[in-house]
Amino acid sequence: MLDLRLIREQPDLVREALRKLNTEAPIDEILTLDERRRQLVAEVERLKAQRNAESKRIGQMPPGPEREAAIAAMRALGERIEELDRELAAVEERLQALLLEVPNLPDPDVPVGPDESGNVIVRHWGEPRTFDFPVKPHWELAEELGLIDFERGVKIAGSRFYVLRGDLARLQRALIAWMVDLHVNEHGYLEVYPPFLVRREAMIGTGNLPKFGDNLYHDEETDLWLIPTAEVPVTNLFRDEILPPGSLPIYLVAATPCFRKEKVSAGRDVRGIKRVHQFEKVEMVKFVEPEHSDEELQRLVADAEDVLRRLELPYRVVQMCTGDLSFTAAKKFDLEVWAPGSQEWLEVSSCSNFRDFQARRANIRFRPSEGARPQYVHTLNGSGLALPRTLIAIMENYQQPDGSIEIPAVLRPYMGGQERIGPQPAYWEPAQARRAREQALAGDG
RNA sequence: GGAGAGGUGGCCGAGUGGUCGAAGGCAGCCGUCUUGAAAACGGCAGGGCGAUGGGCCCCGGGGGCUCGAAUCCCUCCCUCUCCGCCA
């Protein structure tokens, strides 16, 4: 949410910023409502002051006709106040609803562009691997090695659902554990395990509602919403709180499933697990003092990059231009990893500075020093990383001539020392093998 | 899910429809005293809005009755106790 004062005092600056975002917002109606609201507040407060004083006086009067007359006179005033209060409430409700639909303003140094074509590649890291055999996309590798059961995923839950099998399911688990450990041990984050279902207010706090409800799964009966990212519950940890002096910065990391309807992109990226309704993600969230959010964003990007470097996956850092910024971000960098099989750059991380936009919505403040007035914090978050696309990148970059997949060195300790992923057993094989073992033992004894 | 009890300032805890933004205690800050500290004594001390013009709003959230609500009514949320169920 933008500062209403900013819209009031510098409407042209706001209009210009919205134009850069290639979007529109009802600034004129907001200004009109704000003007009316302030008139009403002044009037109603004046009348209430009058009522308070008079009521106090009535309280001290002895019973009698004089007192009755005073009460009768106040009844009329009360009705007038109620009338004005009703109008004020209506104006404020409308104003609030409009404000919740105005996007954040881009930082002045964000490149201006109409859409993703205006994004700027900031830097590259690593050389794309060369292969002396035909490279395969991950869905072929997965099919051949039995790593993903697409058909049964669809049978259970519908399109864009999948089942990871055997060593790939384990690799995902290893990646999550390793990534969280990395952020905790090397980058200074505290691990948290939040709810995956949240109230409406939490979704409003992070900016997912009211505008983007059509991408969220929702339970009508309880009015709970499935999180599309850990950003939602983790950012809302401190909703309606004033953090005491000295408590910032706060760095949190959480591994959670994410649920997205992805209705907007029906038909796109249907092969493999690039775009799915349910996926795991390790998410970093920061609460910082406003003066430090610029440098904190750079460090956040570096923390996410560190994951890819240690996995030895070539990637590039892309800065979003104004036309491709999300609703809530003032500045955003994506990390895109090269997938040689799919022949495309995959977005595995998105790191944003929201400045006070979310803090204002969620009412998250801090006290700079003892006795000082509370201020809004700045919030930031970044993926570190999203799992399906990281799995894709590993499968495609680490594929071998024989069709197997090498396990990145840093993950081997999390895979019991295993170095390679080969063909996976059928669903029934492990149990049959165990039964055979047991029968052999029984026969020996 | 059923029955009951509650939600008051950083914490604990009073509070009869008017003199209550709220006693008292603890913690906190400043001062006096002291070589210093403790103790004692004195003082300060919640959040928000706002055209800084007084003022207005906030006793879990919202609504209502009333001239007037922390106090009465409705509703939602939350906590606790007992029963049931459950990993």
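In what follows, chains carry the letters A, B, and so on, assigned in the order in which the sequence lines appear, proteins first and then strands, with residues in each chain numbered from 1.
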Pick the closest RNA chain B nucleotide for A:Leu40 and for A:Ala53 by heavy atoms, then say which residue is nearer the 5' end.
A:Leu40

To the nearest angstrom, the OH-P distance between A:Tyr376 and B:C49 comes to 7 Å

Which nucleotide, if any, forms a Watson-Crick or G-U wobble pair with B:G42, using both distances under 3.5 Å?
B:C30

Roughly, in whole Å, what's the span from CZ in A:Arg46 to P in B:U52?
18 Å

Go through A:Tyr189 and A:Asp303 one step at a time and tell me if the side chain to side chain donor-acceptor pair (under 3.5 Å) criterion holds.
CA-CA 10 Å; A:Tyr189 292 75; A:Asp303 291 340; 2.7 Å; yes

Can you check the A:Lys56 NZ to B:G18 P distance for me, whole Å?
13 Å

Would you indicate, yes or no, if B:G18 has its OP1 or OP2 atom less than 4.0 angstrom from a side-chain nitrogen or oxygen of A:Arg57?
no

Which whole-number value in Å describes the distance from A:Glu45 CD to B:G48 P?
16 Å

A:Arg365 has an atom CZ; how far is it from atom P of B:G46, in whole Å?
15 Å

Taking the C1' atom of each, how far is B:C80 from B:C65, in whole Å?
31 Å

Nearest-nucleotide 5' precedence on RNA chain B, A:Ile242 against A:Met74
A:Ile242

CG of A:Asp34 to CD1 of A:Ile27: how many Å apart, nearest 0.5 Å?
11.0 Å

Expressed in angstrom and rounded to an integer, what is the separation of A:Ile71 atom CD1 from B:G17 atom C1'?
12 Å

If you measure only the distance, is there a donor-acceptor pair under 3.5 Å linking the side chains of A:Tyr427 and A:Arg165?
yes

Now, which nucleotide makes the Watson-Crick or G-U wobble pair with B:A51, with each of the two distances under 3.5 Å?
none

Does NZ or CZ of A:Arg355 come closer than 6.0 Å to the centre of the six-membered ring of A:Tyr376, within 45° of the ring's axis?
no

For A:Ile81 and B:C67, what is the distance between atoms CD1 and C1' respectively, to the nearest whole Å?
10 Å

Given the structure, check if the side chain of A:Arg67 and the base of B:G18 hold any donor-acceptor pair shorter than 3.5 Å.
yes

Nucleotide paired to B:C82 in any strand shown, Watson-Crick or G-U, under 3.5 Å:
B:G2

